[in-house]
Each structure stands twice: as structure tokens, then as C-alpha cells.
Amino acid sequence: MPSEDIPCAALLLAEDLEADMDVLDRLRRDGVDLRDRLDDQRAGLAALGDDLPDEAPRWAYYPWSRIAVRILGPAGFDRLRLDRNRNKITADEQARLRSAKVGVVGLSVGYAVAYTLALEGACGALRLADFDELELSNMNRLPVSVTDLGVNKAVIAARRIAELDPYLPVEVWTDGVTPDTVGAFCRGLDVVVDECDSLDVKLLIRTEAARRRLPVVMHTSDRGLLDVERFDLDGDLLPFHGLLGDIDPETLQTLSTRDKVPYVLRLLDPEEISARMAASMLEVGESLETWPQLGADVGLGGVTVSAAVRGIVLGHPIASGRGRVDLDRHLDALDVPSVHPEAPVPSAAPEVSAGASPDGETPQDPLEAVIDAAIRAPSGGNAQPWSIVVEPDRLTFALAPEPEPVLMDLHRRGSLVALGAALHNARVAAANHKILGPATVLDPPGEPEPGVPLAHLELGSDTDPDLAAYHSGMLARETNRSPGDPHTVTDDELGAIHAAARLVGGRIEVVTGSDDIARLAEILAESDRVRYLDGRLRREMVAELRWPDDPDPDSGIEVDSLGLDTAEAAMLDVVLRDDALDLLEEWGLGRGLGRMTRDRVLGSAGLVAVFTEGRSPADYIRGGAVVESVWIAAQEIGLAVQPVSPVFLYADTRSDLEHLSPKHVDDLDVLRQELAAVLEVPAGGGLALLLRFGRASVATMRSRRRNDRVRHAGDVDGLIPARG
């Protein structure tokens, strides 16, 4: 409700009223500074050629500064002060504007709006609402002084307007607008200007404005976004042009700040916000406390909203809608007058929509069942880098000729781990179907080449009950990237994980201590930051993603399988913007880029580090078998599993790190040493993979598989169809 106990209006004292002059005399005796420039004002008014209005001068006393100024009466003051509006605004239009009452909620951009309206005489009364007090961090965008610190923003605005035009009535609501007061605030207004920060209050204002048939105008500082909603012309309009759907203010008010992120992004349009704002959004809560705002952007908001309000009051054909007054874009397009530059076309980020991942039936034929099991194995980016040649009595595993290895796949170690997982799956299926024979891992010298045999699985007539026991779990194994609920790992869970590693002769370390998990979360988050900021690593990461209707859906990682919550999915368009990420790289920021990984790891019950005995190709193939065995066992006892390995996982030397990211080699080197220290990586050995596990909801979908990785010996075109 209006505040009446805080001085924010001038005390007007008329010289033709004896009581008023008694007050002025007391002020004089009390030491108030009296300033008289009336003669100059009269001369200015006379120069206009108009007759002087028959009205007594006034003294405007400002109690907050203890200054009283002698001024023209209201008609003469208005005529002279607004003279330079003439022809831009006609006398008739000026009179119509002076009859309008405008309400402004939120006095940052709203300060500029209210002051600009007062400057132009574009309203006859103002109602200002804001509960917030001025802080020093507000003074990059508000024309205030340090003497205003701690004063309510609406009060400050009202005082500045009173010093500009003491005759303009201004109501001040220092409690802001609430569900209980929004009706009273809107009562009697002609236009509502919304510049508050609270999304639920924004929706509340629009709901009330629609009920009262009041137009609403809003400016969003980034890239000059202006919204006009003409509820006065159509009371059935949906708030925010329908961008928020049918959510109501009461429901919105119950949401956490994080849960409101998708709604905020619907209003901002992630593809259209500036690169600097997109980059900054990723830093909110990290290096930034809240959204950045510039004084120039706020000033632009005052200009554009005032123009919209003026047009609405004067009956100009301003329709509901939104548009941008993007000064940076216009400045970038400056050219000599004879040239007509084309408007730049904004780049478009892919849209995220729902998709499906088929999961076919398990083959009944034992040989096909073994092949089906092999191609179900996990691989980095779901690249499926193996090649399987089928002979009557054995399977031969090699690396496929494509895709080309990504930067992270140093020495093809990631591909070798995937191949080892495929070999393990094949052994599990062979044991289940009683056609198991010996498995041989080969170790050719140097970095393995595509097509060179790396492992054989003989097909015989044996079984292995311990392996066969994992068959159903192997078929159900999946990557679950959903957030987890921390819980204390039980002895039974630890026992099952270690037993699975021993089954294939592997060595692992299970990390469950909260301090170590926290250290690993920071290491992995910082690794993700580098992966986003380095252009080459980022392009490879994005190339792995698959959106619905992608022409190559049977490899890569489907966006719908990422386990993103609503806020993360809404932020995806921002996270993948090259211009925003390049700015974070330039600024040396980007901590927020690792937030999802940090949160996922901190929400885990533990992590499993799978070690290799050495660093030969055979060691990593064997490590891949351990990874898959542990993964299957963990999921069978109800745990969700996700690989969370860092970008430098397979790096041995500084040269390897330079190959990954020349700009970030020092950062990666430090992270590599920290990871080795936390996990106590054995001397001479390496890491096959790092897995996080914990309780989580069911995975959203399973990755698809290619059907061109398997062939019969002697039949180049004989393909075995992929399933699941």
C-alpha cells in the first residue's frame, strides 16, 4: 500500500496563501536553503510568446535535502519545461498524456522508465512499487548517489522525479506488490509497467491486468527485448504471449529458483540472448551472484518502454507482441549511407524433443545371441568402435576403421576398453548358451590399427555358472545419467562390486568417503569445464549428441538419454552456444559448465575406479572387461551407473595433454596429478574408466546400436542385424 511516513514529495507553498508563507518563514528561520531563480523562468516563458499564466509562484520544499526552490505556478512550469517536446508531441497529445496514470513495479529498469515518463511529461501521475533498498552494487545502472544507500528504491525514484517536476503526483509503495495488494495497485491505472525480478509477481500482475483490461509493458535489458501485452484490447490474452503455458501465480510461487529456470528461459529465448548474457547465465551462482545489467541497457529500457507507453496512451497502433531494440546489433551494422547492410542472421541451436530408442527381442539362436550381447557393450560417445568377424568356431574382435578416434581417445585406449566390454558380454552370453570356449587377448606392438585382430573368443560347448549368472543383468545394463540420492554404501553392495571385478581378474578401488567424493567432483567438474571451453573438444562433444530425427541415430548419445532435469534441459541451448563459451574462455571463467557433473558426483553413493595392470592395448582390453563386469553387477543390485571419466583419462605425458588442449595443458596436468593422488593409481598402471553409482530413477532410454559392425568371414556384405 502507499507509504505515507517517508518524505518523497515536495511540499508546495503558494505565495498567495498566507498560511503557506508562514511555513516558508519558519523554514527560513530554521536554516533551510532558499533558492530563487524565478526571474529566469519568467523570462523563458515570455520568450515563448505566450501570455504569462495568471497564477502565483510556488516554493517547492524538499525535506530530504532541506532545500526550497522558487518556481512558476503549475501551468507556466509545465509549459516552459516541456516546450522542447513541441511538434514531436503536439499540445493536444501532451494534454492527453497528462491525463494518464502509470504504475511501475520494480525500480531498476523501472527507475529509468518512471523518470523518462516524467521527463517527457508522458503521464499525469505515477505509482511506484518496490520493496528493495539501494545497495552499492545497484549503482552501476541507477543515477543515484551514495547518500541514497539504504533508502527504498521507489522512494529514491519519487524524490528524483519530485526534484524534476514537483507538480507530478507520485505514489510510493515501499512493500512492493503482493497477492493481497495487486488489485489496489492496479486500480485506477491506465498502463502497468512490469520491471520486477520475481517471476511469480510478474504473472500476478498480468493476471490482475487481464482482469482489469490494462495494458502491460515490460523491458528485458539484454539485447533490448520489449514486451507489450494489450489486455485492454483482448482480456483473453494469455500472459507472456502464452510462453509460460497455463501455470498460475500460486503454483509458480511454490517453485524453487531452480525450478523457475525453464520458465525464465522461455521468456528470454535462449537462442536470442546475447553471447555475453548466455555466458554469464552459466556463471550465476558461481562467479556471479545474479544476472548482470548495464546502465546503458537500463537507460535503453527507460526509452523503449516510455515510447511504448506513450504510444498506447495516444492510441497508436501498438499491438501485443515482442521485439528487440538491439543497439549492439545496429552498431555492428553501421555503414556509409549509400550502402544498405543486410541484417545478420542469428545462429540457431537445435531443438530438444522427445524420441524413442528401440530395444528388440533377444535372439534365440546361440551364435546370434552372443553377437547381440557383444554389440550391447558401452563405448565412449556410443561410437561402437569394434569390428567383429564371425567364423563357425570363433569370433574375432578388432577396431573398426571408423569413426576416427576423438581427441579423448588417446592411444585408442577408450576404444580398447569398449572392445574389452564387448568381449566380456560375448563371454557372458556364450556361457549362458553353453557355447563358451577360451578367450584370448592379443597384444600387438604399438598403437593398434583398425582391422588388426585384438581378441578371439572360441565357441565351444562349455559354460561358466558365475559368468552365466550375469546374463540377464548384461542384457539390461544401461547408462543412467539421472541425478542420484546419496546413501551409505552397504557391505553387500561393496561385496557384489568387488566380486564382479574378481570374476575377471580385475583391480578396482571403490571410493565412498564424502571428502574424496567431493575432491573427485571438483576434479571432474573442472575437466568438464575444459572440455566445454576448448573449441576442438567441444565440437567433438557436440558431434556425439543426437536429437530426435537425427539422420544418424544408431550411434552417438541421444539428448533424451542425458538424464537432464527441466532446468538443465532448458539451459542446453545456452550451454552449447559457441559464442557464449568462447567468451567464458576469453574471460577465464566457466565454473558453471561443470555444475551438472559436480552435482551428479556429489549426489553419488560412491565411485569405482577400474585400474589396468599396465598400459599396453591388452591391459586396456582386460580393463574393459572389468568395467563391464562391475557395471552389470552394480546395476543388478539396484544401483544406477554412469561413466564420469575426465577428458585426460588416457593421457600419459604432457605431450598427450598438449594434444588434448594446448591452452589448458597446465590445468589438465594439475588435475591429472590430483586424480592419481585421490585414487592412488598403481605405479605402471592406468585407469580404464571411472564410474559413479548410487540410487537414482530409472534411465530415460537406452542407446541404439549400429548394424554394420559385424560380418561373417568371407561374406563382406553379410551383416548381422543389431538389436537393442
Handout entry: Distance, nearest 0.5 Å, that separates CG of Leu649 from CE of Met408
Key = 7.0 Å

Problem - Gap between atom CG of Leu494 and atom OG1 of Thr512 - 0.5 Å precision - result: 6.5 Å

Would you give me the side-chain donor-acceptor pairs under 3.5 Å for residues 580-589, sequence neighbours excluded?
residue: Asp582; atom: OD1; partner: Arg538; partner atom: NH2; Å: 2.8
residue: Glu585; atom: OE1; partner: His664; partner atom: NE2; Å: 3.0
residue: Glu585; atom: OE2; partner: His664; partner atom: NE2; Å: 3.3

Exercise for the section: Test Thr440 against His456 for side-chain hydrogen bond (donor to acceptor under 3.5 Å, both in side chains), laying out the working first. Expected result: CA-CA 5 Å; Thr440 305; His456 297 298; over 6 Å; no

Handout entry: Test ring-ring contact (aromatic ring centres under 6.0 Å, His included) applied to His471 - qualifying residues, sequence neighbours left out
Key =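 Per chain and number, His471 pairs via ring-ring contact (aromatic ring centres under 6.0 Å, His included) with His433.
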
Handout entry: Partners meeting side-chain hydrogen bond (donor to acceptor under 3.5 Å, both in side chains) with Arg591 (sequence neighbours left out)
Key = Glu286, Glu522

Exercise for the section: Using the salt bridge (Lys or Arg N to Asp or Glu O under 4.0 Å) rule, take Asp534 and Arg539 through it: C-alpha gap first, then chi angles, then the decisive distance, then the call. Expected result: CA-CA 9 Å; Asp534 184 280; Arg539 284 189 289 275; over 6 Å; no

Problem - NZ/NE/NH1/NH2 to OD/OE distance under 4.0 Å, Asp515 and Arg519 - result: no

Show me the donor-acceptor pairs within less than 3.5 Å that the side chains of residues 419-431 make with the rest of the protein, sequence neighbours left out.
residue: Asn425; atom: ND2; partner: Ala373; partner atom: O; Å: 3.0
residue: Asn425; atom: ND2; partner: Glu628; partner atom: OE2; Å: 3.0

Handout entry: Residues that Asp259 engages under salt bridge (Lys or Arg N to Asp or Glu O under 4.0 Å), provided they are two or more places apart
Key =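 Salt bridge (Lys or Arg N to Asp or Glu O under 4.0 Å) check on Asp259 returns nothing, list empty.
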
Problem - Any donor-acceptor N or O pair under 3.5 Å, side chains Thr597, Asp528 - result: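 Note: Thr597 and Asp528 side chains meet the donor-acceptor criterion.
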
Exercise for the section: Would you list the pairs meeting salt bridge (Lys or Arg N to Asp or Glu O under 4.0 Å) in which at least one residue belongs to residues 639-652, sequence neighbours left out? Expected result: Arg413-Asp652, Arg615-Asp652

